[in-house]
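Remarks on the structure that follows.
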Amino acid sequence: MIRFPPVTSGADLKISATTFTTFSQCPGAAEARLQGVYGPSSRASFSGGLAHALFARHLNSGPIEDVGQAAREAIGSGLNPQLADVRLKPSELNEVIREVGALYERFRRLQLDDFEDAEVDVEASPAEGVQLVGRIDAVFRQPGQPPLLRDWKSGNLGEPEIQLGFYGLVWALARDEVPAEMEAVSVATGERRRTVPTEADLEKVAGRVATMVSAVRQAWATAASLDRVGGPWCRYCPLLSDCREGAAAVKLLSAE
């Protein structure tokens, strides 16, 4: 259904929505992720992961009565390594759980009709040595219709279009159906961003993914470096200590 353009042959690449989005901001940072170099965990990322765990539990098992206990169970079952990285004091952890609990109460008031599944892993291999992977926060579907793919945000909505496009592409390649809609929802602010993709839209995304694949493979084949671009995303970049562009961007942001 979706045509994926030819790409330069080379190293095997596993590309996630985060890596693809990062490449659109800073190719050098995306290259680092592909090499297994990630930025440090933050309180915000830990809080967001905990909130997503509670949202998924609600969707799969129903309303949560003891949110504090459910939060601690979620931490123990999968978030402990990240908790160790963030190094929260017990009092700070309790505050995070309280904040996430308040966010969950907002989530409970959302319209969730036609829910089908939560935290759905999809993957596709559209070219040799290329694996595209994604995890869809929630899938909604009316009978006999293509699905609505929804991504929860625990903070500001930001600009989710690139991420949504990637999810739509991987879904279409893996399931052989174009989603009816793709939507990002900020539980914190109530903001929504919805798109209605077409095959042509997703083929444009496929073209951008293919461009990324070829750029990375060509750089690695010639021992060249991909461009580094400064911006708000530099704060938690693992390359920051050795990146003039990132350092300049962070200094500028700190002065604002």
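From a predicted model like this one, the values you see are computed outputs, not experimental measurements.
In this view, Tyr38 satisfies the ring pair (Phe, Tyr, Trp, His ring centres under 6.0 Å) rule with no residue, not counting sequence neighbours. Looking at residues two or more places apart in sequence or on another chain, you find a side-chain contact (heavy atoms from CB on, under 4.5 Å) between His58 and Pro63, Tyr104, Phe107, Arg108, Leu112. Partners of Glu159 by salt bridge (Lys or Arg N to Asp or Glu O under 4.0 Å), not counting sequence neighbours: none found. When the ring pair (Phe, Tyr, Trp, His ring centres under 6.0 Å) test is applied to Phe140, the partners found at least two apart in sequence or on another chain are Phe115. In this structure Lys14 satisfies the side-chain contact (heavy atoms from CB on, under 4.5 Å) test together with Gln131, Val133, sequence neighbours excluded. Listed by chain and residue number, nothing satisfies the salt bridge (Lys or Arg N to Asp or Glu O under 4.0 Å) test with Glu92 (two or more places apart in sequence, or in another chain). Shown here are the side-chain contact (heavy atoms from CB on, under 4.5 Å) partners of Arg228, two or more places apart in sequence or in another chain: Cys26, Leu239, Cys243, Glu245. Qualifying salt bridge (Lys or Arg N to Asp or Glu O under 4.0 Å) partners for Arg98, counting only residues two or more places apart in sequence or in other chains: Glu95. Judged as a ring pair (Phe, Tyr, Trp, His ring centres under 6.0 Å), and not counting sequence neighbours, the contacts of Phe166 are Phe20. Take Val196 and apply the side-chain contact (heavy atoms from CB on, under 4.5 Å) test, not counting sequence neighbours, and it matches Glu181. With sequence neighbours left out, Phe46 forms a ring pair (Phe, Tyr, Trp, His ring centres under 6.0 Å) with no residue at all.
Panel note: side chain Ser214, backbone Thr8; a donor-acceptor pair is recorded below 3.5 Å. Judged by distance alone, the side chain of Asp66 and the main-chain N or O of Gln69 form a donor-acceptor pair under 3.5 Å. Panel note: side chain Arg193, backbone Ala184; no donor-acceptor pair is recorded below 3.5 Å. Under a 3.5 Å cut-off, the side chain of Ser45 and the backbone N or O of Ser42 do form a donor-acceptor pair. For Thr189 (side chain) and Glu191 (main-chain N/O), a donor-acceptor pair under 3.5 Å exists by modelled atom type.
A cation-pi geometry, defined here as NZ or CZ lying under 6.0 Å from the six-membered ring centre and within 45° of its normal, holds between Arg175 and Trp171.
Tested against Ser154, the residues Val100, Leu50, Val187, Leu103 include a single side chain to side chain contact (heavy atoms under 4.5 Å, CB included) partner, Leu103.
Nearest heavy-atom pair, Ala247 versus Leu240, reported as atom, atom and distance to 0.1 Å: N-CD1, 3.6 Å. The shortest non-hydrogen separation linking Val7 to Ala127 is CG2-CB, 3.9 Å. Scanning all heavy atoms of the two residues, the minimum distance from Ala249 to Gly231 falls at CB-N, 3.4 Å. When all heavy atoms of Gly155 and Ala188 are compared, the closest pair comes out as O-CB, 4.1 Å.
Residues Thr22 and Thr19 bring no donor and acceptor atom of their side chains to less than 3.5 Å of each other. There is a side-chain donor-acceptor pair under 3.5 Å between Asp201 and Thr198. Checking Ser24 against Thr21 by side-chain atom types alone, no donor-acceptor pair falls below 3.5 Å.
In the hydrophobic clustering of ILVMFWY residues, with side-chain heavy atoms under 4.5 Å counting as a link, Leu226 and Val209 come out together. Criterion: ILVMFWY side-chain heavy atoms under 4.5 Å apart, direct or through other members. Under it, Phe23 and Trp220 are part of a common hydrophobic cluster. Residues Ile162 and Ile136 are members of one and the same hydrophobic cluster, defined by side-chain heavy-atom contacts under 4.5 angstrom among Ile, Leu, Val, Met, Phe, Trp and Tyr. Leu59 and Leu149 fall into different hydrophobic clusters, where Ile, Leu, Val, Met, Phe, Trp and Tyr side chains are chained together by heavy-atom contacts under 4.5 Å. Under a hydrophobic clustering in which Ile, Leu, Val, Met, Phe, Trp and Tyr are joined whenever their side-chain heavy atoms come within less than 4.5 Å, directly or via other members, Val178 and Leu148 fall into different clusters.
Interatomic distance, Arg3 CZ to Leu173 CG, rounded to the nearest 0.5 Å: 12.5 Å. Expressed to the nearest 0.5 Å, how far OG of Ser77 lies from CZ of Arg72 amounts to 14.0 Å. How far CZ of Phe55 is from CG of Asn60: 13.5 Å, rounded to the nearest 0.5 Å.
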### Message
Between Arg217 and Val130, does the side-chain contact (heavy atoms from CB on, under 4.5 Å) criterion hold? Intermediate values first, please.
### Response
CA-CA 11 Å; Arg217 285 178 166 176; Val130 178; 3.7 Å; yes
### Task
For Glu183 and Arg192, run salt bridge (charged side-chain N to carboxylate O under 4.0 Å, His left out): C-alpha distance rounded to whole Å, both residues' side-chain angles, the deciding distance at 0.1 Å, then the answer.
CA-CA 7 Å; Glu183 183 179 44; Arg192 292 174 179 264; 3.1 Å; yes
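Considering only heavy atoms from C-beta on, Thr211 stays 4.5 Å or farther from Val213 through its side chain. For the pair Asp151/Pro160, no side-chain contact is recorded, criterion being any heavy-atom separation below 4.5 Å from C-beta on. The closest side-chain heavy-atom distance from Glu123 to Leu132 is not below 4.5 Å. Looking at heavy atoms from C-beta onward, Ser16 lies in side-chain contact with Arg33 at the 4.5 angstrom threshold. No side-chain heavy atom of Val185 sits less than 4.5 Å from a side-chain heavy atom of Lys153. Residues Met212 and Ile15 have side chains in contact (heavy-atom distance under 4.5 Å, counting atoms from C-beta outward).
The residues Glu73 and Arg57 are annotated as salt-bridged, a charged nitrogen and a carboxylate oxygen being separated by less than 4.0 angstrom.
Listed by first then second residue, pairs satisfying salt bridge (Lys or Arg N to Asp or Glu O under 4.0 Å) with a partner in residues 127-149 read Glu116-Arg141, Asp121-Arg135, Arg141-Glu177, not counting sequence neighbours.
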